[in-house]
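The structure under discussion appears below in the form of structure tokens.
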Amino acid sequence: MPGRPAGSWALLGPLLWSCALALRGGMLYPRESPSRERKELDGLWSFRADFSAGRHEGFEQQWYRRPLRESGPTVDMPVPSSFNDVSQDGQLRNFIGWVWYEREVTLPQRWIQDPDTRVVLRIGSAHYYAIVWVNGVHVTEHEGGHLPFEADISKLVQSGLTAQTASGPMSDFYTLPVGIRTVAVTESRFLINGKPFYFHGVNKHEDSDIRGRGFDLTLLVKDFHLLRWLGANSFRTSHYPYAEEVMQLCDRYGIVVIDECPGVGIVLPQNYGNVSLQHHLEVMEELVRRDKNHPAVVMWSVANEPKSFLKPAGYYFKTVIAHTKALDPSRPVTFVTNSNYTTDLGAPYVDVICINSYYSWYHDYGHLELIRLQLESQFESWYGAYQKPIIQSEYGAETIAGFHQDPPLMFTEEYQKSMLEQYHLVLDQKRKEYVVGELVWNFADFMTNQSPQRPVGNKKGIFTRQRQPKSAAFLLRDRYWRLANETRYHRSSVRPRCLGNSPFTF
Ligand code: GCB
């Protein structure tokens, strides 16, 4: 593996590299100390289940001899986790047999160069029978899960491999995956690489049971499996920037992102003051600085549902949007509005109009039959006023999984479905003209403050907070895959390498 300080790849996990010296007769938990370092190998591993009839193909073909991707397709698997639970693949859920995990690891140069450093590979727990290879060499086996085992691999990794450049040994390494594409907006279209792009996606939250808001790799991979299941091609980071790991996966799997800053709750005149404005500009600087290298990000959203009809809103949004464009001239900028088209003072400055509307929910509730009329008039009025492409950036209905009524009543699964269907009738007309996207509210149920409108949190998810589908998820799944098939372009026969091992490549 040229160009790496240590080209090491290991099969099976979860693993932990450490310089720890195992106590003779015992096994110490690897703790850092002035003489010991550890390197966590948790994270995304390449994975393949051996579905061959005898479950033995991996051994027959010696999958351990080469990087796993070279012997067949792989998927990303979070470690630690149970592969059965993360996947949406029914076959994998019930799989019994050999599965192969692989991870490429870059070791600190010193570990490799110093012959006195002992390098130990430790597996905390692997079910049920584990065989471990490093660089194709068998290093250990272990029977039974739950308990740790380890192997001294010093000799294997200290094989004298030192990365060199033409000018001598390198002292710093950084790798950055790169993706290149263009984004542009016309009067009625959103273009990616010069081709019309239609957002069929979701709004998300970083939220789940127990963890609440916080990065969780296993949950993230589950969510990406669900996005794939759904046929979604995009999401908005409502209402704040998400963890960088999320953005990395979007790049990897080709999920298009509207990247939103935490500009939520700009609803009082004093929110438009100078202190607020200055802070908003700084936040946009931080966001653009962090995410500008992610090709998945195609548009910045500077706010969600501000009271953009208040007098200072015009100057405020003109300034924030101009500043964001100056920071990044390559991407369009928007904010998400729920104001009226006649009074919105920020809309003149956005590139794309993003509208949230909850017809038949927060007003005229129960009146599904009014949606078509109201939505049509919403689109026509906004387009008439601005001649800019429009995204339906939120729409949805509170739905308690397991509540059923026919004819549909609010809070039931039938109501959520019927409401989506009514929206889709109009979206299908208008997407032929100037509507360039639809993002349902919300991907999954999430926790909120208590209020009479929130039956233990916001229940507008098409999945529950535990990531199980409500009836509407199946409706949307049919629609999104239809849209995907209708609007996608032929892929060239050359697949980009970074997507080579993704289950999400379209
Ligand atoms: C909205 C907000 C979103 C809420 C949603 C709702 O307009 O943008 O943050 O969660 O409505 O369900 O009320």
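Note that these values count all heavy atoms, side chains included, but never hydrogens, waters or copies made by symmetry. Quantities reported herein were computed from a predicted structural model and do not represent experimental measurements. As the structure lists them, so they are numbered: ligands from 1, and atoms in each ligand from 1.
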- CA sep, side-chain torsions, deciding dist, call: Ser46, Trp100, side chain to side chain contact (heavy atoms under 4.5 Å, CB included): CA-CA 8 Å; Ser46 295; Trp100 295 70; over 6 Å; no
Find out whether Glu398 and Trp361 are in side-chain contact, i.e. whether some heavy atom of one side chain is under 4.5 Å from a heavy atom of the other. yes
heavy-atom search around atom 8 (O) of ligand 1 in the protein gives Glu394 OE2, 2.7 Å
The protein heavy atom nearest to atom 12 (O) of ligand 1 is Lys460 NZ, 2.4 Å
request  = Decide whether the shortest distance between a heavy atom of Asn304 and an atom of ligand 1 is less than 4.0 Å.
outcome  = yes
>> So for atom CG, which belongs to Asn449, do other residues, nucleotides or ligands contribute more than 12 heavy atoms lying within a distance under 6.0 Å?
In response: no
Checklist entry - Is there a heavy atom of Arg454 sitting under 4.0 angstrom from any atom of ligand 1? => result yes
(Q) Quick check on the 6.0 Å ring-centre criterion: do His294 and Trp300 meet it? (A) no
Quick look: Asn458 vs ligand 1, heavy-atom contacts under 4.0 Å, and the answer is side chain
| query | So is there a nitrogen or oxygen of Tyr362 less than 3.5 Å from a nitrogen or oxygen in ligand 1? | reply | yes
field: Any N or O of Glu398 closer than 3.5 Å to N or O of ligand 1
entry: no
### Query
Will you find, in the side chains of Gln392 and Ser357, an N or O donor that is under 3.5 Å from an N or O acceptor?
yes
The closest protein heavy-atom partner of atom 9 (O) of ligand 1 is His239 NE2, 2.6 Å
for atom 7 (O) of ligand 1, nearest protein heavy atom and its distance come out as Glu305 OE2, 2.4 Å
* Is the distance between the ring centroids of His205 and Tyr240 less than 6.0 Å? -> yes
Honestly, for Tyr395 the part within reach of ligand 1 (heavy atoms, under 4.0 Å) is neither
Scan side-chain atoms only and decide if Asp76 and Trp45 contain a donor-acceptor pair under the 3.5 Å cut-off.
no
Test side chain to side chain donor-acceptor pair (under 3.5 Å), reference Arg465, set Asn458, Asp209, Asp445, output is Asp209
Within 4.0 Å of some non-hydrogen atom of Phe446, the atoms of ligand 1 are 10 (O)
In ligand 1, the atoms that come under 4.0 Å of a heavy atom of Asn356 are 8 (O)
